[in-house]
Asks: 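Here it is, the structure in full.
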Amino acid sequence: MNQLHKLQEYLPASALERKNMLPVVSIASAASIFFASYRFFSSDQESKTKYKKIPMPGSNYPYVGHIWSLGELPGRTIQKWHGELGPLINLKMGVKNWVLVDDPILAQKIFVSNGVKTSFRSRNVFTFDHYSMGGMGLAFAQPDDRWKFSRSAALTVLAPKHIEKYMPTIRKEARDVTNRFLESTEKQGFCDPVEEFKLYALNVIFKTVAGRSFTSNEDPDYKKLKRIMEYNIKNSAWENDLSNFLPILSVYEYFFGTLAEQKAFIRDERDPFFKRVVEDSDIIEGPNVLKSLAEAGFDLSFNEKLVLASDIILAAADTVSVSMAWNICALMHHPDIQNKVSTEIDEFVKLNGQLPGLNDKGSMPYTMSVMKEGLRFKATTPLGLAHTTREDVYVDGYMIPKHSAIISSMDSMHLRADIYPEPEKYIPERFLNNTKPMQTAANGKVEDRDHFNFGWGRRICPGISMAEAQLFIALVEIFSTCHILPTSEGLPDTDDAVNGGLTAPPAPFKAKFVKRTDIRT
Ligand code: HEM
């Protein structure tokens, strides 16, 4: 249960009506709001009145603002609010100001044209102080010189030419997960794609970063790493950082006990595990990202390497496994589309005598389109990773006050009918005219982007090519060998998602992976 759920149990929405609030809570909260208001309103008052007001949804309770109204899947609620109020909306999240955008052109202006002002991260105790050891690594560091150095290191070692080195690993893991699907279906009549893709994604990224992999999801080290990953993803989400939004709650830290527990988790679980990863990476045979850093001339301290390794594994594993699981969930509803992918692969094999590899993506437009449509159909991170601004930002007649979190509403952006006709339908053909590599599309003109899952500007995901390699090769391995069928329980519900913290995976579902008998050679 996250902090928000705990608090909502104690304080249901009805208790938040102004008349019901305890005076003491009111006074303390009012003090917090005053403090926050001072920060917002210290922005140039005069210029503020000249700018268009950013619409705000009505369900805004006293003191807590919109926190209570976001629901179990905030991305969905926010999508509804965008539908009612337009491409830019303003939420009051306790003392924090959130501005959300679902129009890519406007997002480009905010995150890219104003990138110098809008590339900060919020400074949370867990992510900044504990997880990133005071701003090391990439994901939660502020965009200072240290971050720039780590980012350039990551971009170098994750560039396509380096990824070539990891292709045998990706291929092997994709084959292994396919075999596990088939075996599990044979043994018990079904398999669990959400869980199996976790092992696939963690194995690939752990082998890439640290040179090691796991043989099964019973391996104690695998269980430990999975726990570290899940804990970090969950605790990096705003729902577990409530005292940042409602400072009054820091008084009640004992109520949650979360900060102390988070600090202990990093100290007692994350750090020892990753200390070993960094130490072993030098002596383990074969290529790995940590070795490549030194080979490419990036001299990072031990702790910088530890946080960077943790960042890459954390950012890569959950996102890739969630994206794959959603795509399979959608494809189960479309046997015709599965067949088209299989046919494209068969034709490639007939011509070339082998399965397509990374450099053959150009000959596989339909498979590329399926990969992209999977990412569009269900956004991996419904709210991306929030940026913050330290100065007022002026865009299209609006003023975004300094210290606001700026969020790309991924769910909503990917379901805009003006960009993606019939957005609720899974139609890979919509990408047949845009099959360029996702890295190229993401860094090109905004009008030519395929989708927006990898975020924006200076903080755009540095792992796009690695993600593409894993998603593409997994599709190739699976559909060169299998059909995916529903079990007797029926098809999975493509609307049934789970709040996983930063990501929103599909609710667990069962599938039958059956060996193809129609392979055309
Ligand atoms: C489908 C897979 C993936 C998705 C959807 C995804 C999405 C994202 C998003 C939305 C961000 C935040 C961008 C922003 O702030 O605007 C991000 C950041 C990041 N991603 Fe990915 N990612 C994926 C895979 C990967 C992989 C495979 C790696 C590494 C091998 C990776 C490494 C990172 C890192 C280190 C950051 C932090 C960058 C920074 O703050 O400077 N990601 N990713």
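Numbering of ligands and ligand atoms starts at 1, following listing order. These figures come from a predicted structure and were not determined experimentally.
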Asks: Measuring from atom 25 (C) of ligand 1, which candidate in C461, A386, A379 has the nearest non-hydrogen atom?
Replies: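 Comparing heavy atoms across C461, A386, A379, the nearest one to atom 25 (C) of ligand 1 lies in C461.
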
Asks: Contact between S323 and ligand 1, counting heavy atoms under 4.0 Å?
Replies: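 Yes; S323 lies near enough to ligand 1 that a heavy-atom distance drops under 4.0 Å.
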
Asks: Check the side chains of N217 and K223 for a donor-acceptor pair under 3.5 angstrom, ignoring hydrogens and angles.
Replies: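 Absent: no donor and acceptor within the cut-off.
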
Asks: Is there a donor-acceptor pair closer than 3.5 Å between any side-chain N or O of E173 and the backbone N or O of V204?
Replies: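 Such a contact is absent between E173 side chain and V204 backbone.
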
Asks: Taking S404 for its side chain and I406 for its backbone only, find out whether a donor-acceptor pair lies under 3.5 Å.
Replies: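 Checking the backbone N and O of I406 against the side chain of S404, no donor-acceptor pair under 3.5 Å is found.
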
Asks: List ligand 1 atoms under 4.0 Å from A316, heavy atoms only on the residue side.
Replies: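 Listed by number with element, the hits are 25 (C), 26 (C), 27 (C), 28 (C), 29 (C), 30 (C).
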
Asks: Is it possible for you to check whether R276 lies under 6.0 Å from the centre of the six-membered ring of F273, through NZ or CZ, and within 45° of that ring's axis?
Replies: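 Verdict for F273: a cation-pi partner in R276.
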
Asks: If you measure from atom 10 (C) of ligand 1 to every heavy atom of L138, T503, N453, which option wins on shortest distance?
Replies: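 Closest candidate by heavy-atom distance is N453.
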
Asks: Under 3.5 Å, is there a donor on one side chain and an acceptor on the other for D448 and N434?
Replies: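 There is no such pair (donor and acceptor under 3.5 Å, judged by atom type) between the side chains of D448 and N434.
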
Asks: Are D311 and Y131 linked by a side-chain donor-acceptor pair shorter than 3.5 Å?
Replies: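 Yes.
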
Asks: Strictly under 4.0 Å, does any heavy atom of R121 approach an atom of ligand 1?
Replies: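 So R121 counts as touching ligand 1.
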
Asks: Tell me: protein heavy atom nearest atom 38 (C) of ligand 1, and distance?
Replies: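 Looking at atom 38 (C) of ligand 1, the protein heavy atom closest to it is R151 NH1, 3.5 Å.
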
Asks: Check whether the side chains of S281 and K305 place a donor and an acceptor atom closer than 3.5 Å, and report yes or no.
Replies: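 Per modelled atom types, S281 and K305 side chains form no pair under 3.5 Å.
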
Asks: Please classify the F140 to ligand 1 contact at 4.0 Å (heavy-atom distances, strictly less than): side chain, backbone, both or neither.
Replies: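 No part of F140 is near ligand 1 at this cut-off.
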
Asks: Atoms of ligand 1 less than 4.0 Å from T380 heavy atoms?
Replies: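 Contacts of ligand 1 toward T380, numbered from 1: 5 (C).
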
Asks: Keeping K291 on the side-chain end and I284 on the backbone end, is there a donor-acceptor pair under 3.5 Å?
Replies: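 It does hold such a pair.
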
Asks: Can you sort out which atoms of ligand 1 are near P462, meaning under 4.0 Å from one of its heavy atoms?
Replies: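 Numbered from 1, ligand 1 contributes 19 (C), 20 (N), 33 (C), 34 (C), 35 (C), 36 (C), 38 (C).
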
Asks: Test your reading of the model: is there a side-chain donor-acceptor pair from Q142 to the backbone of G135, 3.5 Å cut-off?
Replies: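 A pair under 3.5 Å: no.
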
Asks: For atom 16 (O) of ligand 1, what is the closest protein heavy atom, and at what distance to 0.1 Å?
Replies: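 Its nearest protein heavy-atom neighbour is H387 NE2, 2.7 Å.
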
Asks: Examine the side chains of Q262 and N240 and answer whether a donor and an acceptor come within less than 3.5 Å of each other.
Replies: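 No pair is found: no donor N or O on one side chain lies under 3.5 Å from an acceptor on the other.
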
Asks: Do D318 and T503 meet the criterion of a side-chain donor-acceptor pair at a distance under 3.5 Å?
Replies: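 D318 vs T503: donor-acceptor pair found between side chains.
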
Asks: Do T388 and S122 get their side chains close enough for a donor-acceptor pair, meaning under 3.5 Å?
Replies: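 There is no such pair between these side chains.
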
Asks: For atom 12 (C) of ligand 1, grab the closest protein heavy atom and report residue, atom and distance to one decimal in Å.
Replies: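 Going atom by atom, the protein heavy atom closest to atom 12 (C) of ligand 1 ends up being L385 CB, 3.6 Å.
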
Asks: Please list, in number order, the atoms of ligand 1 under 4.0 Å from a heavy atom of I312.
Replies: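 By the 4.0 Å cutoff, the relevant atoms are 29 (C), 30 (C).
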
Asks: For atom 13 (C) of ligand 1, which protein heavy atom lies nearest, and how many Å away is it?
Replies: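 Protein heavy atom with the smallest distance to atom 13 (C) of ligand 1: R459 O, 3.2 Å.
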
Asks: Taking N or O atoms only and a 3.5 Å limit, does Q470 qualify as a polar contact for ligand 1?
Replies: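 By distance alone, the answer is no.
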
Asks: Any chance the side chains of T127 and R121 put a donor and an acceptor closer than 3.5 Å?
Replies: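 Looking only at side-chain atoms, R121 and T127 do not form any donor-acceptor pair under 3.5 Å.
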
Asks: If you count the atoms of ligand 1 from 1 in the order shown, which ones are under 4.0 Å from a heavy atom of G455?
Replies: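 Listed by number with element, the hits are 10 (C), 13 (C), 16 (O).
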
Asks: Which option out of F452, Y166, F454 puts a heavy atom nearest to atom 4 (C) of ligand 1?
Replies: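 Checking each option, the heavy atom nearest atom 4 (C) of ligand 1 is found in F454.
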
Asks: Atom CZ of R175 and atom CD1 of I170: how far apart are they, to the nearest 0.5 Å?
Replies: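 Here the rounded value is 13.0 Å.
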
Asks: Which bit of R458 gets closer than 4.0 Å to ligand 1, counting heavy atoms only: side chain, backbone, both or neither?
Replies: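 Neither; nothing of R458 gets under 4.0 Å from ligand 1.
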
Asks: Can you list the ligand 1 atoms lying under 4.0 Å from a non-hydrogen atom of I205?
Replies: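 Heavy-atom distances to I205 below 4.0 Å select 30 (C).
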
Asks: Ignoring angles and geometry beyond distance, decide whether D311 reaches within less than 3.5 Å of ligand 1 through its nitrogen or oxygen atoms.
Replies: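 It does not: no N or O of D311 is found under 3.5 Å from an N or O of ligand 1.
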
Asks: Can you tell which of T319, I163, L471 gets a heavy atom nearest to atom 3 (C) of ligand 1?
Replies: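 Looking at heavy atoms only, T319 sits closest to atom 3 (C) of ligand 1.
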
Asks: Quick one: nearest non-hydrogen protein atom to atom 37 (C) of ligand 1, plus distance?
Replies: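 Result: A139 CA, 3.7 Å.
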
Asks: May I ask whether W147 places a heavy atom under 4.0 Å from ligand 1?
Replies: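 W147 counts as a contact of ligand 1 under the 4.0 Å cut-off.
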
Asks: Please state which protein non-hydrogen atom is closest to atom 32 (C) of ligand 1 and give its distance, to 0.1 Å?
Replies: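 Atom 32 (C) of ligand 1 sits closest to the protein heavy atom A315 CB, 3.4 Å.
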
